[in-house]
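The next block holds one structure in the form of structure tokens; read it before the comments.
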Amino acid sequence: QLQASGGGLVQAGGSLRLSCAASGRTFSGYLMGWFRQAPGKEREFVAAISWNYGVTYYAESLKGRFTISRDNAKNTVYVRMDSLKPEDTAVYYCAAQRGGRYTDPSFYHYWGQGTLVTVSS
């Protein structure tokens, strides 16, 4: 129901845009989030956006470099990542929730399969 794509290999300083396509059900009223997980680390909140109103939330450390958006007509949520650093290397996941702490992955009920982003130095 959530399909993440757009990952790949990019050099430090480059940009990528990840997509999360929703299908099979409506996510109206949901908060759509992006998380990432680097090898050996816990899943980390990246950004979130409310499906209906477009209200956005960001991890403090990523503000200014990452931008989340959505296209309701395409049922797709995006995260654009600029000025990428090697430490941004991780599997990126999109997810959806109806309520709860938006930074906590345990509150998200639907998850995409993840897309790998590798940033080379």
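In what follows, every heavy atom counts, from backbone to side chain, and hydrogens, waters and symmetry copies are set aside.
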Query raised in the report: side-chain contact (heavy atoms from CB on, under 4.5 Å) between D88 and M81: does it pass, once the steps are laid out?
Result: CA-CA 9 Å; D88 294 318; M81 307 181 295; over 6 Å; no
Give the table of side-chain donor-acceptor pairs shorter than 3.5 Å for residues 3-17, with sequence neighbours excluded, one pair per line with atom names and distance.
{"unit_1": "S15", "atom_1": "OG", "unit_2": "D82", "atom_2": "OD1", "d": "2.7"}

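- Taking T56 as the reference, I49, Y58, I68 meet the side-chain contact (heavy atoms from CB on, under 4.5 Å) condition, with sequence neighbours excluded.
- In terms of heavy atoms, W111 sits closest to Y108 at NE1-O, 3.2 Å.
- Taking CG of N75 as the start and CH2 of W51 as the end, the distance is 4.5 Å to the nearest 0.5 Å.
- Across every non-hydrogen atom of V46 and L62, the tightest pair is CG1-CD1, 3.8 Å.
- Rounding to the nearest 0.5 angstrom, the gap separating the SG atom in C20 from the CD atom in Q1 is 11.0 Å.
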Residues 25-35 side chain polar contacts: donor-acceptor under 3.5 Å, at least two apart:
{"unit_1": "R25", "atom_1": "NH1", "unit_2": "Y110", "atom_2": "OH", "d": "2.7"}
{"unit_1": "R25", "atom_1": "NH2", "unit_2": "Y30", "atom_2": "OH", "d": "3.0"}
{"unit_1": "T26", "atom_1": "OG1", "unit_2": "S28", "atom_2": "N", "d": "3.1"}
{"unit_1": "S28", "atom_1": "OG", "unit_2": "N52", "atom_2": "OD1", "d": "3.3"}

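- Scored by the side-chain contact (heavy atoms from CB on, under 4.5 Å) test, T76 finds S19, A21, K74, Y78 as partners (sequence neighbours excluded).
- Both V117 and L2 are part of a single hydrophobic cluster, where members link through side-chain heavy atoms under 4.5 Å apart.
- Residue S106 holds its OG atom at 9.0 Å from CD of Q97, rounded to the nearest 0.5 Å.
- In this structure, the side-chain hydrogen bond (donor to acceptor under 3.5 Å, both in side chains) partners of Y92, at least two apart in sequence or on a different chain, are R36.
- Tracing side-chain contacts under 4.5 Å through hydrophobic residues (I, L, V, M, F, W, Y), one reaches V119 starting from F66; they form part of the same cluster.
- The same ILVMFWY cluster, assembled from side-chain heavy atoms under 4.5 Å apart, contains both Y57 and Y53.
- Sequence neighbours left out, the pairs with a member in residues 102-121 that pass salt bridge (charged side-chain N to carboxylate O under 4.0 Å, His left out) are R101-D104.
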